[in-house]
Enquirer: 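Dropping a structure here in structure tokens format, bear with me for questions.
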Amino acid sequence: MSKVVLKDVHKQYKDAHVLSGIDMNIEDGEFVTLLGPSGCGKSTILRILSGLTEATGGNVMIDGKDMKKVPPKNRQVGMVFQSYALFPNMTVYENVAFGLKMRKQPVNEIAEHVEKMINLVGLKEKKEAFPHELSGGQQQRVALARSLVVRPKVLLLDEPLSALDAQIRKHLQVELRTIQRELKMTMILVTHDQEEAMTVSDRIFVMNQGKIAQEGTPFEIYTQPKTEFVANFIGRYNVFTKEQIENLLGGKMTILAAKYAIRPESIQFQPQTSSYPIRAIAGDSIMNGNVIRTTFHADNKQFTMEQLHHQSSAFEKGTEYQLFVEPKDVIALS
Amino acid sequence: MAYQENEKGFVETMKKFTIVMLILIGIYLALPIFATALYAFSTEWNKTILPEGLTFEWIRTLFQDARFIEAFGRSVLLSGSAVFISILFIVPAIFVIVLYFPALEKWFQASVVMVYAFPGIILSVGIIRFYSGTSLPMILAVTGVYVISVLPFMYQGTRNSLRNVQGRQLMDAAELLGASKMDAFRKVLLPSVYPGLFVASLLSFSVLFGEFVLINLVVGSRFETVQIYLMAKLSTSGHIASAIVFVYIVLMGILTLVMATLTKKAKGMRHA
């Protein structure tokens with residue numbers, strides 16, 4: 001069992017509060033993502049978990065054991081860094097074998113485990129190559145293999161895919177998830193890419209300014225954002241004030257909130273049962289892969305509507321249209 | 001269109017001018033070295049454009065002179081010791097500051113600037129006045145100054161290498177894989193920055209090997225180095241003096257070649 005618990009964790013550098021009251025319960029074998037903009041404190045959480053940075057306050061427990069006085073080398077926590085941090089003086093094989101050698105494992109066992117791990121990440125042909133002879137994707141695989149081979153209780157991934165191009169990144173996201181399921185290992189990924197977080201995670205912690213803004217499954221986070229920050233960060237939500245939404249939908253809101261959000265794809269061209277009508281003037285349409293995004297204006301407020309390319313209705317710029325949104329898709333934000 | 005042609009013509013002219021200037025500077029710098037080397041191998045070269053004959057006599061005489069061998073040994077010993085002490089004490093301090101206390105780097109940089117700010121003559125007078133009344137041998141005082149005077153080279157070389165390989169992350173990664181700080185330093189960090197460190201050491205060595213002012217003013221002929229020996233020979237035999245310069249140039253050439261090879265190797269590691 002490798003349950004990770006953070007209880008009221010704080011981190012402060014002089015007067016700057018990097019983390020404030022972080023509480024997390026991560027279950028054994030769970031794939032959790034810390035999602036947030038740069039500087040929100042997500043990487044600091046990984047460094048505190050690994051022991052590379054000391055928390056100013058609070059507790060970190062792994063498998064029920066308080067980690068306060070446990071040095072990084074004894075925490076059994078692996079980490080894949082954004083820049084991979086491969087040892088430039090060692091070959092792929094030596095890099096992967098390093099952790100096992102430090103643990104003084106027998107030579108034949110080291111060879112067996114290293115070969116197995118190199119095969120798992122598909123680098124059999126490159127085991128004698130040095131890091132600078134590998135592509136970014138291959139270096140990332142070596143970093144992953146090096147961390148996995150020592151069988152850590154928890155694997156921390158600090159934006160490991162951010163330096164790769166889109167195609168390789170998408171491929172490795174799937175591969176990462178497959179390996180995690182195969183090994184049933186607890187993994188914590190840090191990213192600012194909401195699509196990546198949605199693809200790989202069992203659960204997402206959205207962070208902002210050193211605090212957890214919201215936690216939940218990818219589905220919960222995406223469909224039920226609690227704050228304006230989460231709504232804007234996780235998707236391209238249209239956010240309205242109470243006055244704006246009442247003007248737009250032509251009725252009083254039953255749930256009182258400071259702001260309301262509507263997902264661009266929940267705005268429809270065809271009416272549904274009990275849906276609100278919206279009258280708005282079409283602006284520009286932008287094609288984004290399989291999605292067409294159209295801007296509309298109504299009552300001095302701009303909002304966007306997204307439709308799948310093959311079912312999209314062509315909107316003429318400057319023409320007024322009747323659009324619809326279902327009451328359940330109007331989300332009250334705190 | 002005319003503007004583009006004019007611009008192209010100007011670029012071409014500038015290119016030719018640059019090449020000509022480089023060749024002229026090259027000749028200006030190489031000619032004395034070449035002439036000195038040739039003089040070291042000439043039998044007689046007084047009334048003719050080229051030497052009257054070539055010989056290995058001066059080089060052979062030089063290496064048969066016990067004073068030269070001793071002076072050479074002293075130079076190697078003095079420069080080598082200073083560089084060795086610097087590696088032993090200053091380099092670890094640079095490692096710790098760059099990796100774990102980057103806020104302190106500004107003080108290190110200030111010290112580096114101070115090293116450049118003090119001319120050799122000021123240093124010599126300062127050392128003589130400060131240490132002459134103490135029991136500390138002056139040669140040790142000079143060695144201490146040498147250790148400090150190579151600080152800029154050691155600092156720049158070590159710091160750049162550490163930054164190139166992202167030293168802090170390498171240490172962190174090694175520790176998380178179960179290595180102690182000492183293991184991480186010895187097995188990962190040191191071999192990774194070794195080429196840069198070696199280049200800095202060689203550069204420091206070659207600078208110290210050519211140092212004359214400090215050693216001559218503070219210790220004088222009591223501790224004859226290659227440079228002092230060279231000064232003495234300048235007034236007795238031009239051929240021998242040229243032979244010393246030739247040997248010195250060859251040694252520096254070898255060191256430069258080693259440095260260039262290692263720098264190339266270090267660049268290969270940079271992408272990791």
Side-chain angles (χ1 to χ4, degrees), chain A residues 13-14 43 46-47 49-53 71-92 94-105 129-136 138-139 142-143 145-156 158 163, chain B residues 91 95-106 157-201 261-272:
Chain A
Y13 291 105
K14 291 182 182 168
S43 291
L46 291 199
R47 293 188 67 83
L49 271 170
S50 63
L52 296 171
T53 297
K73 72 187 187 89
N74 296 335
R75 289 196 178 197
Q76 288 181 272
V77 169
M79 190 156 169
V80 178
F81 294 85
Q82 189 174 6
S83 62
Y84 318 127
L86 297 180
F87 306 143
N89 56 315
M90 297 182 197
T91 62
V92 168
E94 288 164 342
N95 261 283
V96 179
F98 183 83
L100 297 174
K101 280 184 187 164
M102 288 300 109
R103 284 167 167 76
K104 302 198 178 354
Q105 301 247 322
F130 281 92
H132 70 268
E133 295 167 332
L134 304 174
S135 67
Q138 288 168 333
Q139 289 187 28
V142 179
R146 188 180 67 176
S147 300
L148 287 173
V149 77
V150 292
R151 292 269 169 178
K153 286 180 178 174
V154 186
L155 183 64
L156 311 173
D158 191 3
Chain B
V91 170
F95 269 104
V96 173
I97 287 170
V98 173
L99 294 182
Y100 297 104
F101 303 100
L104 295 178
E105 257 197 85
K106 58 180 180 218
T158 312
R159 189 194 60 166
N160 291 348
S161 298
L162 284 172
R163 286 190 177 170
N164 281 340
V165 299
Q166 294 185 307
R168 179 66 196 263
Q169 284 209 349
L170 291 185
M171 287 290 285
D172 288 348
E175 280 186 68
L176 286 171
L177 288 165
S180 63
K181 267 206 163 50
M182 188 46 84
D183 274 340
F185 177 76
R186 207 164 47 85
K187 291 179 178 168
V188 176
L189 200 59
L190 210 51
S192 303
V193 299
Y194 158 75
L197 193 59
F198 198 65
V199 168
S201 305
T261 314
L262 286 168
T263 310
K264 217 171 163 184
K265 200 177 164 188
K267 275 180 189 162
M269 283 186 167
R270 211 165 285 174
H271 304 290

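In what follows, chains are A, B, ... by sequence order, proteins preceding strands, each numbered from 1. Just the heavy atoms: all of them, side chains too, but no hydrogens, waters or symmetry mates, feed the values below.
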Enquirer: Compare every heavy atom of L170(B) with every heavy atom of P88(A), then report the nearest pair and how far apart it is.
Expert: CD-CD1, 3.9 Å

Enquirer: Please name the pair of heavy atoms, one in M90(A) and one in V188(B), separated by the smallest distance, quoted to 0.1 Å.
Expert: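 That closest heavy-atom pairing would be CE-CG2, 4.0 Å.
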
Enquirer: Taking every non-hydrogen pair under 4.5 Å, which of L100(A), V150(A), V77(A) racks up the most with chain B?
Expert: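 The option with the most such pairs is V77(A).
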
Enquirer: Nearest 0.5 Å, what's the CE-CG distance between M102(A) and D183(B)?
Expert: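 M102(A) CE to D183(B) CG: 5.0 Å, rounded to 0.5 Å.
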
Enquirer: Distance from Y84(A) atom OH to Q166(B) atom CD, nearest 0.5 Å?
Expert: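 Result: 11.0 Å between the selected atoms.
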
Enquirer: Checking R47(A) against chain B: side chain, backbone, both or neither under 4.5 Å from a heavy atom?
Expert: side chain

Enquirer: Please flag which part of A174(B) lies under 4.5 Å from any non-hydrogen atom of chain A: side chain, backbone, both or neither.
Expert: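 A174(B) touches chain A through backbone and side-chain heavy atoms alike.
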
Enquirer: Check whether any side-chain heavy atom of L176(B) sits under 4.5 Å from a side-chain heavy atom of S147(A), and report yes or no.
Expert: no

Enquirer: Is N89(A) close to K187(B) at the side-chain level, that is, under 4.5 Å between some pair of heavy atoms?
Expert: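 Side chain of K187(B) against side chain of N89(A), heavy atoms only: no contact under 4.5 Å found.
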
